[in-house]
Amino acid sequence: MAVALDSACGEVLMVAFMDAEALDKTIESGVAHFHSRSRGRLWKKGETSGNVLRVDEMLVDCDQDAFVLRCSPAGPTCHTGAQSCFYRVVSGRTLQPVNT
């Protein structure tokens, strides 16, 4: 699993699954790659939108099974066009936009 943060402000941008192939490709290219479980294949973040995540730093947890990627985004991170995939807050049983 990988959590992508904005290097400039620390905002959580997205969370995605990262397998060994995605890890290798990210290290090799300097751009975030993940394993898309829905597509069943390697996925370069921004491959269609151009909104790639340039990886500035990678941190790994003590079990070596989760990563934090400090990234410089080249545009909105979320496929909805939002800056972050975490653009809503849970309020009771409803979702409300995050006030920015």
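Positions are given from 1 along the sequence.
- At least one side-chain heavy atom of Val12 sits under 4.5 Å from a side-chain heavy atom of Val3.
- Residues Leu69 and Ile27 fall within the same hydrophobic cluster, defined by Ile, Leu, Val, Met, Phe, Trp and Tyr side chains chained together at heavy-atom separations under 4.5 Å.
- Side-chain contact between Thr26 and Met58 is present, with heavy atoms from C-beta onward closer than 4.5 Å.
- A tilted orientation is assigned to the rings of Trp43 and Phe34, their planes being inclined by 30° to 60°.
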From CA spacing to verdict: side-chain contact (heavy atoms from CB on, under 4.5 Å), Leu23, His33: CA-CA 7 Å; Leu23 176 62; His33 285 72; over 6 Å; no
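- Across Thr77 and Lys45, no two heavy atoms sit closer than the pair O-NZ, 2.8 Å.
- Heavy atoms of other residues, nucleotides or ligands lying less than 6.0 angstrom from CD of Glu57 number more than 12.
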His35 vs Arg41, side-chain contact (heavy atoms from CB on, under 4.5 Å): CA-CA, chis, key distance, verdict: CA-CA 6 Å; His35 176 81; Arg41 65 173 180 83; 5.5 Å; no
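- Although no hydrogens or angles enter the test, the distance criterion places a donor-acceptor pair under 3.5 Å between the side chain of Asp6 and the main chain of Ala8.
- Hydrophobic clustering, with ILVMFWY side chains joined whenever heavy atoms are under 4.5 angstrom apart, groups Phe67 together with Leu13.
- Once rounded to the nearest 0.5 Å, the distance linking OG of Ser84 with CD of Glu11 reads 4.5 Å.
- With rounding to the nearest 0.5 angstrom, the NZ atom of Lys44 is 11.0 Å from the CG atom of Leu53.
- Between Val55 and Cys71 the shortest heavy-atom distance is CG2-SG, 4.2 Å.
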